[in-house]
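Everything below concerns the one structure shown next.
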Amino acid sequence: MDSSPEVKPDPRRALPSVDRVVRALEAGWPSLPVWAAREAARAALTAERERLETSAGTEVPALELLLADAAERAAELARLRPAPVLNATGIVLHTNLGRAPLAAGAAEAVARVARGYTDLELDLGSGQRGERTAPVVEKLRLLAGVPDALAVNNNAAALLLVLATLARGREVIVSRGELVEIGGSFRVPEIMASAGVRLVEVGTTNRTHLSDYGRAIGPDSALLLKVHRSNFSLRGFVAEVALPELAALGRERGLPLVEDLGSGSLVDLSARGFPEETFAPSRLRRGADVVCFSGDKLLGGPQAGIVLTAHTEHAEAMRRNPLSRALRLDKLALAALDWTLAAVLDGRAEREIPVLRRLLEPEEGLERRARALAGRIREFAGPLGPAAERDTTYAGGGALPDFTLPTWAVALRPADGATRLAARLRRADPPVLARIRDDAVLLDLRSVDPGEEESLVTALRGLLR
Ligand SMILES: *Cc1c(COP(=O)(O)O)cnc(C)c1O
């Protein structure tokens, strides 16, 4: 035969059809859902066609390789998400990992109301319609010693509602040092624009004085806004106005002072070394008229935005704003929030709320756990040189950028590099998220509950067998 390379048939023609790949997936991987098998077959064949197009001379892969690729794609498509992972990064409030884990009791409260009907908007005594957030508002008032409060979908929603209610069409005065961006999609100037308020920037990036605010106040001013710098810090030649002074200026000129705290606690942690501003009620005592913060940062509850107000009229005006309907909490989050607030009222917060338990765990306890865990890992992963090491970490998640915590970790030093091991750990069962420091993978126990250590060992054992 005298066939020349020029007339060689297009290798793409030799690829199997989508139907054939789907049938083979159904036979070999019967647990894959049909929709995922079909979509994955299409995607695997498209990828293969593109590969053959761009790299001339390559061969059509064996059917088994194509099927393995398609099966992996299908399994990924069919995987339910979000799925649990082990957070061994040491960052207790990790935005990418869903921030605060719920307390076991809060999760049970969610499960109790999830599957049936509830008295969400019904007063069982009178049979009349009730307000869905009334129970959590009651607890917030008791906990914070304030006359009124609101709970909405998240803190961005809380700030939006505060601004749109108290300042729509008017001016809001903010320091240039506080025009922050949090987590990419939350930017203070953009939230202000969507609330329909006009931003008046005062001071400079590093220094803002009381006189800057004073000069900016005019007939169109509606309120003074203070925003917590949750994810960065200013050092060096800096000045900002303390809350009581700003509040005094507001009172003198008839403007309410609103503080977006970002991360607020309802347990006073200042005696435990945490900054004063983390205790939300103290911000109202120091002069703020309205404070808002997230439910799933230091509070340790579900995603929510909490608003505490020193004046009932402010809360009432917000409740009347039609936006509050669009920003309302669903029954699952309300059940978790109500449980969390009850735990704080009962004095069970530190014992039962995971965020507090982990942030407050003493260093000695972490050291003991790290040494024991390193010993267990050495039994099956000796070559990685598991060793307990002291380090420092952060609370994280848009909370307390200057505040470091001592911690203990198990360090692993793989010969082929920390990045590769960290990537393999992300695909373990369950997935493990670790921290890399220099050439070591750190399994930081600050963010790992003692009850999770067993599955951490299981995941490692499965991976390193
Ligand atoms: C985290 C944070 C927000 C956003 O809160 P979400 O609950 O994520 O909407 C807003 N402002 C500040 C200062 C924050 O730290």
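Every number for a ligand or one of its atoms is a count from 1 in the order of the listing.
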> Does Arg368 CZ have over 12 foreign heavy atoms under 6.0 Å away?
Replying inline: no
> Which ligand 1 atoms does Ser294 reach within 4.0 Å, using its non-hydrogen atoms?
Replying inline: 5 (O), 6 (P), 7 (O)
> With Arg115, which residues qualify under salt bridge (charged side-chain N to carboxylate O under 4.0 Å, His left out), at least two apart?
Replying inline: none
> Hey, which atoms in ligand 1 end up nearer than 4.0 Å to a heavy atom of Ala156?
Replying inline: 5 (O), 6 (P), 9 (O)
> Relative to the heavy atoms of Lys297, which atoms of ligand 1 are at a distance of less than 4.0 Å?
Replying inline: 1 (C), 2 (C), 3 (C), 14 (C), 15 (O)
Can you give the donor-acceptor pairs under 3.5 Å from side chains of residues 135-146 to other protein atoms, not counting sequence neighbours?
residue: Lys139; atom: NZ; partner: Asp338; partner atom: OD1; Å: 2.8
residue: Arg141; atom: NE; partner: Pro147; partner atom: O; Å: 3.1

>> So if I count the atoms of ligand 1 from 1 in the order they appear, which ones are less than 4.0 Å from some heavy atom of Arg99?
In response: 1 (C), 6 (P), 7 (O), 8 (O)
> Hey, are His314 and Asp148 close enough side-chain-wise for a donor-acceptor pair under 3.5 Å?
Replying inline: no
> Given the rule in the salt bridge (charged side-chain N to carboxylate O under 4.0 Å, His left out) test, do Glu352 and Arg357 qualify, once you have shown the distances and angles that lead to the verdict?
Replying inline: CA-CA 7 Å; Glu352 299 193 24; Arg357 210 161 53 204; over 6 Å; no
> Of all the atoms in ligand 1, which lie at a distance below 4.0 Å from a heavy atom belonging to His228?
Replying inline: 13 (C)
